[in-house]
2 protein chains.
Amino acid sequence: MFSQSEENYIKTIYHLETISNKGISTNAIAKKLETKASSVSDMIKKLSEKELVVYKKYQGVKLTPFGKKNAANIVRKHRLWEVFLVDKLNFSWDEVHEVAEQLEHIKSPKLINQLDALLGFPTHDPHGDPIPDKDGNLNVIDKILLSSLLKTETGVCVGVDDSSSEFLQFLDKKGITLGKKIKVLEKEDYDDSLTITIENQKLSISNKIANNIYIKKL
Amino acid sequence: MFSQSEENYIKTIYHLETISNKGISTNAIAKKLETKASSVSDMIKKLSEKELVVYKKYQGVKLTPFGKKNAANIVRKHRLWEVFLVDKLNFSWDEVHEVAEQLEHIKSPKLINQLDALLGFPTHDPHGDPIPDKDGNLNVIDKILLSSLLKTETGVCVGVDDSSSEFLQFLDKKGITLGKKIKVLEKEDYDDSLTITIENQKLSISNKIANNIYIKKL
DNA sequence: AATAATTTTTAGACAAGTCTAAAAATTATT
DNA sequence: AATAATTTTTAGACTTGTCTAAAAATTATT
């Protein structure tokens, strides 16, 4: 088994790989984990010895299939726990992350399988992110950023790119939650801000906001 | 906040205090935690600095009120998680301990309060042990060992002293579970073994078994 | 292509928690 | 009360994971 620290590293590499699919740099990992490049360098050596990553000096890092499977399992646990917290314990979507960061390290396959069943085998977490299955495969839907919707187009909110509680609370305040239908009424050339309708309400949102909301086009 | 290791130490001291109410010896802690006396000695110094225990060299250790409150909270979390595992995730009573050992260290007051509510504010865990309330108080019922029941007396099984999975599986095999009514038909002077009836079944059990089952007299 | 800027690695240190071996204190035994 | 046995503590070492500071390698710039 792997330590919590090791798990956090491979999870981070996993997330970075979904964005860049190049070798992941020491600095990128350090930034995400809010640690120092020297610490990352040390840890990478260890992960490499444990066959979780492939590593050549000065060339960044890639998860092995074994590493990827392990990382996906941690993400699976994280997201299942988030569903549990929201569906069963009445947490709101902006409160779940820190607790799930702890719960994802609990080691018990039976616990996770039973939790999965208790929750009705959910496919997505409360932020719309897909939950990897037992083999680490995940069902990615073709979502786009709200900011890429054109005037008069319509879509359903299916996820967020920023899961910080500040952003999520802002969305709550505006009534923007998963599953809501959104139509773009106007798009300002000057600042790329949008005027949208959601639940028969007219709303103006900045490009920064629209860049953090995922939409499934209708 | 305290480390997992610190939490394990104060939890262990808490348990030992419920048995002996004398100062808890370094060796007793080492034995329970399966570690070395020298490690315990080091840790005790740290716990003492953090005001969790009162400690004088060579005189064992006692929890302060602050330490006791913290320890009770860990026990509360452990036992609530055990109830969750059995009631919601279909674990059997012999499978819950190791997982609860991990879950008890998760830090989130909201999580525990909501879990408590989800479970219907249980007062006892799957082994019959009482669950401390938020203030660390616990509702102790006057249970006795099955071995102290006299011939012809009757009681209800309300707990076990040994929560090892071997023992619990043995009890399952014999049909002895919490809530079952037990009557003592015979008590052998020679080896203190008992003949009992449980669910209209006649059963013979050794003194060692009877010494690990708690009964509420009827 | 040489220099500058950046990234990455190494070297050495530190904290937490553990261990072994030995010393010190306490308790039990004769 | 002196010696033996046990318990507890200390001293020093080791591991994991982190850090700072400096060196080495890579990449960018002139």
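Naming convention: chains lettered A, B, ... in sequence-line order (proteins, then strands); numbering from 1 in each chain.
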Next on the checklist: Walk me through whether Leu33(B) and Val40(B) qualify under side-chain contact (heavy atoms from CB on, under 4.5 Å).
Outcome noted: CA-CA 9 Å; Leu33(B) 282 174; Val40(B) 176; 5.5 Å; no
Checklist entry - Can you name the salt bridge (Lys or Arg N to Asp or Glu O under 4.0 Å) partners of Glu153(A), sequence neighbours left out? => result Lys217(A)
Checklist entry - When you check the phosphate oxygens OP1 and OP2 of dC19(D), does a side-chain N or O of Thr35(A) lie under 4.0 Å from one of them? => result yes
Checklist entry - Between atom CD in Glu6(B) and atom C1' in dT18(C), what is the gap in whole Å? => result 14 Å
Item to check | Distance, rounded to the nearest Å, where Glu7(A) contributes CD and dT16(D) contributes C1' | outcome: 15 Å
Item to check | Reading 5' to 3' through nucleotides 4-10 of chain D, protein heavy-atom contacts under 4.0 Å coded B for base, S for sugar-phosphate only, - for none | outcome: ---SBBB
Next on the checklist: Could you measure the distance from the CD1 atom of Ile44(B) to the NZ atom of Lys56(B)? Nearest 0.5 Å is fine.
Outcome noted: 14.5 Å
Checklist entry - In whole angstroms, how far is the P atom of dC14(D) from the NZ atom of Lys36(B)? => result 18 Å
Checklist outcome for this item: Under the rule of Watson-Crick or G-U wobble with both distances under 3.5 Å, where | means paired to another strand and [ ] a crossing pair, DNA chain D maps to ||||||||||||||||||||||||||||||
Next on the checklist: Using whole Å, what does the distance between atom C1' of nucleotide dT16(D) and atom CG of Asn8(A) come to?
Outcome noted: 14 Å
Next on the checklist: By the side chain to side chain donor-acceptor pair (under 3.5 Å) test, which pairs, at least two apart or in different chains, include something from residues 103-126 of chain A?
Outcome noted: Glu7(A)-His105(A), Glu7(A)-Lys107(A), Asn8(A)-His105(A), Lys11(A)-Glu104(A), Arg76(A)-Asp116(A), His78(A)-Glu104(A), Lys110(A)-Glu95(B)
Checklist outcome for this item: Met43(B) CE to dC19(C) P, in whole Å, measures 11 Å
Next on the checklist: Measure CG/Leu47(A) against P/dT16(D) and give the value in whole Å, please.
Outcome noted: 13 Å
Next on the checklist: Between Ile213(B) and Phe167(B), does the side-chain contact (heavy atoms from CB on, under 4.5 Å) criterion hold? Intermediate values first, please.
Outcome noted: CA-CA 10 Å; Ile213(B) 296 174; Phe167(B) 181 59; 4.0 Å; yes
Item to check | Taking every non-hydrogen atom, the tightest pair across Pro132(A) and Leu138(A) | outcome: CA-CB, 3.9 Å
Checklist entry - Between CG of Asp129(A) and OG of Ser163(A), what distance do you get to the nearest 0.5 Å? => result 5.5 Å
Next on the checklist: Whole angstroms only, please: what is the CD-C1' distance between Gln4(B) and dT18(C)?
Outcome noted: 15 Å
Checklist entry - With Tyr9(B), which residues qualify under ring-ring contact (aromatic ring centres under 6.0 Å, His included), at least two apart? => result none
Item to check | Pair listing, side chain to side chain donor-acceptor pair (under 3.5 Å) test, anchored in residues 36-45 of chain B, at least two apart | outcome: none
